[in-house]
Amino acid sequence: MADILTPEQRSRNMSRIRGKDTKPELLVRRLLHAAGYRFRLHGSYGPARLPGKPDLVFAGRRKVLFINGCFWHVHSCRAGQHAPQTNSAFWSAKRNRTVERDAAARAVLEAAGWEVLVVWECELKELSVVERQLRAFLGPPGRAEFPAPALDSRAGTGTTDNEGGKL
């Protein structure tokens, strides 16, 4: 099936697709916040960002959440398996790179001790199922069961040892 839009129209449409604060992401954020969970956004954890920039970071729990669009991240559902007919080589390569990048980021996060959950856009049609899945993954809301790494209480106090070094 040929594209019914001109290249300029298609380019304009594609340029408006966002990577952050998408409707599925906002839906999950509202659901979790209303349930009492607190989180950081877009891979924020300390001074650096986590690999793959997870959508939601539960630092005290060492858990991250990716909210993936089925088409872009090639999910096994109908929307994820739909391959564009126009410029198919480009789209195939682009989508394959996304899958490889996702797998690499997940492997690095898991090797660093983070638990990873992916919520797919198509799963959000049944919010009660997603909510149960999220609660099972995250545990009870409130204070995290695993404390975040503690900072050295002596750092930044200006105290020095006998040799002039910081304690």
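Counting heavy atoms from C-beta outward, P141 and R38 have side chains that stay 4.5 Å or more apart. Considering only heavy atoms from C-beta on, V57 stays 4.5 Å or farther from L41 through its side chain. Using a 4.5 Å heavy-atom cutoff, the side chains of L117 and Q133 are in contact. Looking only at side-chain heavy atoms (C-beta outward), D102 and N68 come within less than 4.5 Å of each other. Side-chain contact check for V119 versus F137: every heavy-atom pair is 4.5 Å or farther apart.
Taking each heavy atom of R95 and A83 in turn, the nearest pair found is NH1-CA, 3.8 Å. Summarising the geometry of A112 relative to R62, their closest heavy-atom pair is O-NH2, 2.6 Å, with the distance given to 0.1 Å. The shortest non-hydrogen separation linking R61 to L138 is NH1-O, 2.6 Å. Here the shortest heavy-atom pairing between L109 and P51 reads CD1-O, 3.6 Å. Considering all non-hydrogen atoms of both residues, I67 and D55 come closest at N-OD2, 2.6 Å.
Atom CZ of R40 is separated from atom CZ of F58 by 11.5 Å, given to the nearest 0.5 angstrom. Distance CZ/R106 to CH2/W114: 14.5 Å, rounded to 0.5 Å. Expressed to the nearest 0.5 Å, how far SG of C70 lies from CD of E123 amounts to 7.5 Å.
Dense packing is recorded around CD of E110, with more than 12 heavy atoms of other residues, nucleotides or ligands lying under 6.0 Å away.
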Check your understanding: Are T98 and V74 close enough, and set up right, to give a side-chain contact (heavy atoms from CB on, under 4.5 Å), and what steps lead you there?
Key -> CA-CA 8 Å; T98 302; V74 194; over 6 Å; no
Practice item. Go through R49 and H42 one step at a time and tell me if the side-chain contact (heavy atoms from CB on, under 4.5 Å) criterion holds. Key: CA-CA 8 Å; R49 295 209 180 263; H42 311 301; 4.3 Å; yes
Review point. Given H73 and W120, is the side-chain contact (heavy atoms from CB on, under 4.5 Å) satisfied, shown in steps?
Key: CA-CA 9 Å; H73 296 268; W120 293 98; 3.5 Å; yes
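Linking ILVMFWY residues whenever their side-chain heavy atoms come closer than 4.5 Å, directly or via other members, places L56 and L127 in the same cluster.
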Less than 3.5 Å apart, which donor and acceptor atoms pair up between the side chains of residues 26-37 and the rest of the protein, not counting sequence neighbours?
| unit_1 | atom_1 | unit_2 | atom_2 | d |
| --- | --- | --- | --- | --- |
| R29 | NH1 | D21 | OD1 | 2.6 |
| R29 | NH1 | E25 | OE2 | 2.9 |
| Y37 | OH | G139 | O | 2.4 |

